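Report on one structure; see the data block that follows.
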Amino acid sequence: MSRKLKILFVASEVHPFAKTGGLADVSGALPPALKKLGHDIRVIMPKYPCTTKAGKGLLELDLELPGFSGSLFQSELAEGVPVYLIEHDGYYNREHLYGEPGSDYPDNVERFAYFCRAVLEAAKKLDFKPDIIHCNDWHTGLIPVYLKTLYRKDPGFAQTKTLFSIHNLGYQGNFPHSQLKATGLDESLFREEGIEFYGQISFLKGGLIFADTLTTVSPAYSQEIQTTELGFGMEGILQKRSDQLHGILNGVDYTVWNPETDPFIPANYGSQSLSQKKQCREDLVKIFSLRLCKRTPILCMITRLSEQKGIDLLMQARDALDEQDIALLILGTGETRYESFFLQWNQDRPDRIATTLMFDEPLGHRILAGSDMLLMPSSYEPCGLTQMYALKYGTVPIVRDIGGLKNSIQEFSDKTGKGTGFKFKVLKAKYFLKSLQKALSCFNQTATWKKLMLNGMAKDNSWEVSAKQYSRLYHKSLRS
Ligand code: ADP
């Protein structure tokens with residue numbers, strides 16, 4: 001049996017403490033899955049006001065860094081995984097995690113440079129000498145850099161290896177060169193093989209260059225980010241490091257996403273009690289005052305309203321969609337132009353289109369449960385979790401054939417009865433509509449549709465498989 005490791009898992013958001021997207025879901029579920037494999041894994045994140053669950057039984061430690069001081073608190077995830085929360089009133093005691101809607105906080109460079117330093121100081125204070133520090137996304141990108149510079153001779157990290165996970169290459173943490181001072185790093189790092197990126201400093205690039213191992217959240221995305229089209233300027237580095245870059249598909253936390261036990265939905269159901277899903281549909285008809293025929297399918301999107309999520313395509317397809325006998329529910333927040341588009345659509349067709357511009361987790365569960373189809377026409381998609389949740393809820397995904405969507409959804413064939421959803425390759429409204437048409441005609445064949453729903457519900461995307469893959473990579477990294 002392989003050695004049990006000490007792992008420090010670092011993320012800027014962790015469900016259920018703080019969440020803006022899939023990163024939080026991963027950070028809340030992967031560590032408990034690794035703990036089940038026997039590892040001593042601990043999670044560390046900033047203490048935002050929304051992390052209220054962190055309120056009790058806290059250990060308070062002072063964290064002194066040159067020029068800053070903060071405190072460390074402790075709470076717990078599933079499987080008794082300790083979660084440390086770094087408090088710094090000036091930096092994290094704000095309403096939002098990264099900025100007011102539509103903008104970033106102007107001091108994000110200081111907020112997350114401090115976070116990276118504080119993580120290392122916290123490990124020392126706790127006398128936790130990690131074998132692996134698992135970093136996630138740009139917010140943690142300076143940790144591998146600090147370890148190879150300011151902390152190079154620190155005995156607390158003499159044996160430590162780093163793994164950096166890319167959850168979305170589109171978010172890079174790039175800041176003006178003039179802000180380098182705020183990181184405490186030396187000017188000599190401002191070079192191409194360092195953290196310089198087109199005249200700016202880049203936290204993400206720091207992670208990509210300095211971490212020992214790189215991962216991303218699906219096998220397809222690990223290939224796509226090595227191309228000019230989807231590499232966001234980092235493709236050259238990723239090509240050079242392709243031997244250390246691995247794609248591991250995210251899993252689903254079925255303690256949170258399971259229609260048989262979900263406390264947020266009006267009726268629990270499973271593959272043996274599929275008829276109960278109807279009550280979830282009726283719930284949606286009522287709360288959104290929809291006017292539907294008995295067999296009108298309900299389509300939904302639960303998503304950040306950003307270009308990545310393919311909203312432009314929906315805008316192009318609006319007229320054609322208006323001609324279909326469908327209802328569409330949108331739950332999302334994001335760019336004003338997309339919010340306005342969906343609000344307008346809702347106003348024009350209140351009986352069929354319902355737009356909710358909020359981040360509302362319980363409502364997300366209810367919409368997923370009561371809908372018939374989920375739309376994810378993403379322009380790119382590192383992994384995507386919502387489509388995997390949809391499978392479990394018998395809500396059939398119609399997705400772009402890209403990234404994690406490609407790896408997690410199999411095209412349905414009514415001839416073989418195999419497959420879990422519908423996919424289209426080219427990001428154009430006509431191809432999306434063709435896929436939708438296929439779905440709609442299948443929806444009209446009750447027995448075929450039931451087969452398709454059951455195929456998805458039977459899929460097992462639990463974290464166990466992915467956790468084992470991470471575990472193997474940690475060991476490999478320590479051997480090299
Ligand atoms: P991404 O990480 O790119 O935002 P994912 O599909 O990987 O996309 O994960 C998004 C997560 O956030 C899912 O759990 C989804 O249900 C949730 N989510 C997104 N927008 C909302 C919203 N407005 N209200 C509730 N949950 C949301």
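Predicted model only: the values in this text are computed from it and were never measured. One is the number of the first residue; the rest follow in order along the sequence. For ligands, and for the atoms within them, numbers begin at 1 and follow the listed sequence.
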Next item on the list: Can you spot which of Tyr98, Phe164, Phe115 makes a ring-ring contact (aromatic ring centres under 6.0 Å, His included) with His139?
Entry: Tyr98
Next item on the list: Could you tell me whether Glu381 and Lys309 have a side-chain N and a carboxylate O separated by less than 4.0 Å?
Entry: yes
Notebook entry, point to check: Strictly by modelled atom types, are Tyr146 and Arg117 linked by a side-chain donor-acceptor pair under 3.5 Å?
Noted result: no
Item checked: Contacting atoms of ligand 1, where contact means under 4.0 angstrom from a heavy atom of Leu385 -> 5 (P), 6 (O), 7 (O)
Next item on the list: Between Asp360 and ligand 1, find which residue part has any heavy-atom pair under 4.0 Å and reply side chain, backbone, both or neither.
Entry: backbone
Check: Touching ligand 1 at all, Gln387? Heavy atoms, strictly under 4.0 Å?
Finding: no
Notebook entry, point to check: Applying a strict 4.0 Å limit to heavy atoms, is Gly332 in contact with ligand 1?
Noted result: yes
Margin query: For the 3.5 Å polar cut-off, considering only N or O atoms, please tell me whether Ile302 and ligand 1 meet it.
Written below: no
Note to self: Counting only heavy atoms, tell me which of Glu13, Lys309, Arg304 gets closest to atom 8 (O) of ligand 1.
What the structure shows: Lys309
Next item on the list: Look at ligand 1 and say whether Gly22 reaches it with a heavy atom at a distance under 4.0 Å.
Entry: yes
Notebook entry, point to check: Are any of the N or O atoms of Met358 closer than 3.5 Å to those of ligand 1?
Noted result: yes
Next item on the list: Find out whether Leu37 and Lys468 are in side-chain contact, i.e. whether some heavy atom of one side chain is under 4.5 Å from a heavy atom of the other.
Entry: yes
Note to self: Using a 3.5 Å cut-off on N or O atoms only, is Asp25 in polar contact with ligand 1?
What the structure shows: yes
Note to self: If I apply the N/O under 3.5 Å rule, does Leu23 come out as touching ligand 1?
What the structure shows: no
Margin query: We want to know whether Glu13 and Thr20 form a side-chain donor-acceptor pair, criterion being a heavy-atom distance below 3.5 angstrom.
Written below: yes
Notebook entry, point to check: Heavy atom under 4.0 Å from ligand 1: found in Lys19's side chain, backbone, both, or neither?
Noted result: side chain
Notebook entry, point to check: Looking only at side chains, do Thr420 and Asn455 share a donor and an acceptor under 3.5 Å apart?
Noted result: no
Check: Identify the closest protein heavy atom to atom 15 (C) of ligand 1: which residue and atom is it, and at what distance?
Finding: Thr386 OG1, 3.7 Å
Next item on the list: Without swapping roles, check the side chain of Arg241 against the backbone of Asp212 for a donor-acceptor pair under 3.5 Å.
Entry: yes
Checklist line | Closest candidate by heavy atom, reference atom 27 (C) of ligand 1, pool Phe359, Tyr171, Tyr380 | finding: Phe359
Notebook entry, point to check: How far apart are the closest heavy atoms of Leu169 and Leu208, and which atoms are they?
Noted result: CD1-CD1, 4.3 Å
Notebook entry, point to check: At a 4.0 Å threshold, what atoms of ligand 1 neighbour a non-hydrogen atom of Leu331?
Noted result: 22 (C), 23 (N), 24 (N), 25 (C)
Note to self: Quick check: closest heavy atoms across Gly207 and Leu214, and the distance to 0.1 Å?
What the structure shows: O-CD2, 3.8 Å
